[in-house]
Amino acid sequence: MSKIDRRTFLKLLPTVPFYKVAWPYVETAVHAARTQAQSSDRPNILFLVFDTLSAQHMSLYGYNRETTPNIARFAEKSTVFHKHVAGGNFTSPGTSSLMTGTYAWSHRAIQLHGLVRDEYIQRNMFSLLPDDYYRVAYSHNLLVMSLLHQFRGDLDLFKHTRELCLADGQFADRLFFEDYTTAFWAESTALVGGATPPSALFLSLLDRFARSLESRSFKNELSDLYPRGVPNLHNLFFLLEDAIDWIEDQVVSLPQPFLGYFHLLPPHEPYTPRKEFVDIFTDNWQPPEKPKLFGAQPMPQANLNRERRLYDEYLAFTDAEIGRLLDNLEQQGILDNTYIILTSDHGELFERGIRGHVTLTLYEGLTHIPLMIHKPGQQSREDVFQRTTAADILPTLLHLTGQPIPEWVEGAVLPTFGGATAPTDRMVYSIEAKSNPKYAALTEATVAQYQDDIKLIRYFGYNADDSFEMYNLKDDPEELNNIYESEKGLAEELTAVLHDKIFAVNAPYRRE
Ligand SMILES: [Zn+2]
């Protein structure tokens, strides 16, 4: 279906008046209310964040399937970071680290739909950039919606997820916009037990009926184009193509300079590519089986291999849409005056019986994420092999826009963007703590600590004894060989550093 055909089709979608109660549209007057923006020659800043995009699966980073030929073209005009680490293994901590320049033990968005601690409402990219930036944000992902809702006071344009969707399953937040996350959970918990997608709090039968009619219609219409199903997460259906079209429209018409934060779901499951990407990787590749250690799950290897192939095909589709967007932005001249930051919030795993990212583990499939930054006018590629973290993004933005970097920031200005060469003993962290209380010391969590290529993983609080793994990613990028026991001296040294770090970050929660 061409773009025009699809648009025409969407206009013809049946509308259900009850279901279309509008979100109190948040096009705030923040920008106008700020000091009248002087004309500025500051560059725009455009974030393209793709959910669940693992660097371990990108041909750009050496993966053996050709999943990212379009991103690779973009890399030729960008700075490519090869050792970039996610803040955590799912959306809330990963995105919060990106936005706040801190680790999860500080910002505390550690649970599903987790929110950052109140003080971070004033400690993030939207609140700290110079006032003349016009701020716009959109996310397909409702967990990111919760975070953006916290930051809405600093957004000039905050577009609701459902506005770029074919259908979504939420209703209560239309009535209780000011309490978005509470409304989401109340609705979800009241009707379906909390763990599954929400349904309508009021008139739920009518709502479900309307939704089934609506979705049956577009599912039928789109079944040829999307043989594995219309892209969705739970009851939220969307076309990546529409979001890409909207972003393109936005960036050519927004007041400048702008900060645009766009967070799109693909290649998050379910893996539903457009038809031309279905079955493109029929290579029968059998990746090596990996040792099953702490946190392993029972999915058979053959199923994991099949799921991996489906993910890779969805990633190739996502890559094609990214390529389409970047080509169009280039034609419009946007690349000449805009920093474009292409990254992810976390990755995905198909190993040790684990499929997806709902896990206690922090293996590279989950924590190794892409980072590419195109500088305004950049025409050639740079490669950075220093270890970097999602928490480095905020201080880098502040540095580029001439703002002071507050002392609470845990990241550092990125190499080649003004950052000093990282000291060789720099530690970078990734944190999983879904089951830990938000306002309490970390006592049940997984922490990965990187010193360049040496990665130490500590699982603590799950059992009576802690579990540890250590890998040398330079020699063993697939984490096949746990060297925690064989490299005893180094393991003890790094374990002591990690213990001290956790002791320090727990201090505010400890009763002396
Ligand atoms: Zn995510």
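Order of appearance sets the numbers: ligands from 1, and atoms from 1 within every ligand. For clarity, every value in this text was computed on a predicted model and none was experimentally measured.
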Legend entry - N, O or S from His268 under 2.8 Å to the Zn ion (ligand 1): no
Inset, instruction - Check the angle between the aromatic planes of Phe317 and Tyr314 and answer parallel, tilted or perpendicular using the 30° and 60° thresholds. - result: parallel
Legend entry - Short N/O/S contact of Thr52 with the Zn ion (ligand 1) (below 2.8 Å): no
Inset, instruction - Determine which of the N, O or S atoms in Asp345 is closest to the Zn ion (ligand 1) and give its atom name. - result: OD2
Inset, instruction - Starting at CD of Glu364, measure out to CG of Leu473 and round the result to the nearest 0.5 Å. - result: 4.5 Å
Legend entry - Heavy-atom side-chain proximity of Arg65 to Ser59 below 4.5 angstrom: no
Inset, instruction - Output yes when Asp392 and Arg426 qualify as a salt bridge under the 4.0 Å nitrogen-oxygen rule, no when they do not. - result: yes
Inset, instruction - Just give me the atom name: the N, O or S atom of Asp51 closest to the Zn ion (ligand 1). - result: OD1
